[in-house]
Amino acid sequence: MPALRKNLTYTLCLFFLLLLFGQTSFAEMAITEKLLPPDLIIEEFFQAGSGLPVGKIQAVRGEVIVYHRDPNVGYPVKTGLPLYHGDTISTRNTGRILCRLIDGTIFSLAPQTTLTILQCNLNSARKTGVSFLSLKHGDGRFQVAAPTELFSYEFKIQTVTAFAQARNADFVIKTQQDSTEIFVFEKSRLELTNLAAPEVAFFLTDFQSTVVRDTLGPQIAFNLSQEEVEAVTADVRVTPQSHLFASSAEKYHEDNTVAAALESDSDVEDSIEIPPPANPELTTED
């Protein structure tokens with residue numbers, strides 16, 4: 001009887017150990033598995049979101065899904081489709097996307113990245129504009145230039161650990177669960193806040209980088225070498241031939257069309273301009 005009880009105890013202990021360690025941990029699960037809802041529906045035909053468009057998809061590589069305000073319904077995207085307030089863009093394992101907002105902001109997302117357009121407003125009558133994005137996870141490059149015709153303009157982006165804002169900046173953000181790595185290129189000024197200490201702001205300028213963690217402590221800026229700049233920008237380009245994002249520290253110069261910019265790539269259509277609101281008093285906000 002003691003031997004039987006001992007064997008039973010050993011079996012139960014072994015069972016709980018297998019239950020505890022035999023399954024994939026939360027940290028080891030693929031990011032897409034953790035964030036995609038279990039009852040996700042992928043519709044074959046794209047449906048417009050609510051309100052006026054706030055941006056447009058310039059180029060796509062691989063599988064990319066966009067969700068409007070309903071997170072359970074997604075649509076495969078292609079070049080030329082519009083973007084709306086509340087849209088969440090999700091790139092899959094090999095997916096890459098290049099987008100342009102109505103304020104002229106250009107951003108490119110690497111594979112396994114999720115970004116939400118929280119706000120993108122232009123008021124031509126008041127000459128004001130604001131864009132606010134949320135980079136939930138993954139890597140992206142952002143090129144921001146305040147429209148010259150606006151008196152007031154703000155570009156803001158938030159990650160799990162950091163909040164950044166700028167008027168003119170060219171930068172890459174790489175996010176993880178507990179940290180945000182930021183690389184700033186030429187002619188840029190980026191104001192950063194660690195969400196663990198929101199009362200303290202610091203700045204990054206030309207060819208500097210930093211890591212914002214989910215802990216308190218002084219922020220240290222590091223100088224970037226030419227090799228580091230090229231390596232970082234290569235990670236977030238849509239195609240190796242793309243001139244929309246230079247592979248070196250040279251400043252971005254917009255081409256007339258996406259087709260010309262991507263050297264007549266077969267998957268890229270001509271650029272389609274997003275018309276401004278017909279009523280100058282009307283903003284693009286819902």
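Predicted, not measured: the structure shown is a model, and the values here were computed from it.
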Verify, without hydrogens or angle tests, whether [X] (side chain) and [Y] (backbone) share a donor-acceptor contact under 3.5 angstrom.
| X | Y | answer |
| --- | --- | --- |
| Thr175 | Gly138 | yes |
| Glu230 | Glu227 | no |
| Thr113 | Asp139 | yes |
| Asn223 | Gln208 | no |
| Thr159 | Leu135 | no |
| Thr105 | Asp103 | no |
| Asn194 | Thr215 | yes |
| His137 | Gln112 | yes |

Identified side chain to side chain contact (heavy atoms under 4.5 Å, CB included) counterpart of Val77 within the set Thr91, Asp87, Ile57, Leu83: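 By the side chain to side chain contact (heavy atoms under 4.5 Å, CB included) criterion, Val77 pairs with just one of Thr91, Asp87, Ile57, Leu83: Ile57.
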Under 3.5 Å, is there a donor-acceptor pair between the [X] and [Y] side chains?
| X | Y | result |
| --- | --- | --- |
| Thr116 | Thr88 | yes |
| Thr128 | Asn123 | no |
| Thr210 | Gln219 | yes |

Would you say CZ of Arg167 has more than 12 non-hydrogen atoms from neighbouring residues, nucleotides or ligands within 6.0 angstrom?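 Yes - once you tally the heavy atoms of other residues, nucleotides and ligands closer than 6.0 Å, there are more than 12.
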Inspect the surroundings of CD in Gln176 and state if more than 12 heavy atoms from other residues, nucleotides or ligands are less than 6.0 Å away. no
Quick check on ring pair (Phe, Tyr, Trp, His ring centres under 6.0 Å): which of Phe107, Phe207, Phe142 does Phe171 satisfy it with?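 With Phe171 as partner, ring pair (Phe, Tyr, Trp, His ring centres under 6.0 Å) holds for just one option, Phe142.
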Step through it carefully: locate the ring centre of His85, locate the ring centre of Phe132, and say whether they are under 6.0 Å apart.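 His85 vs Phe132: aromatic centres not under 6.0 Å.
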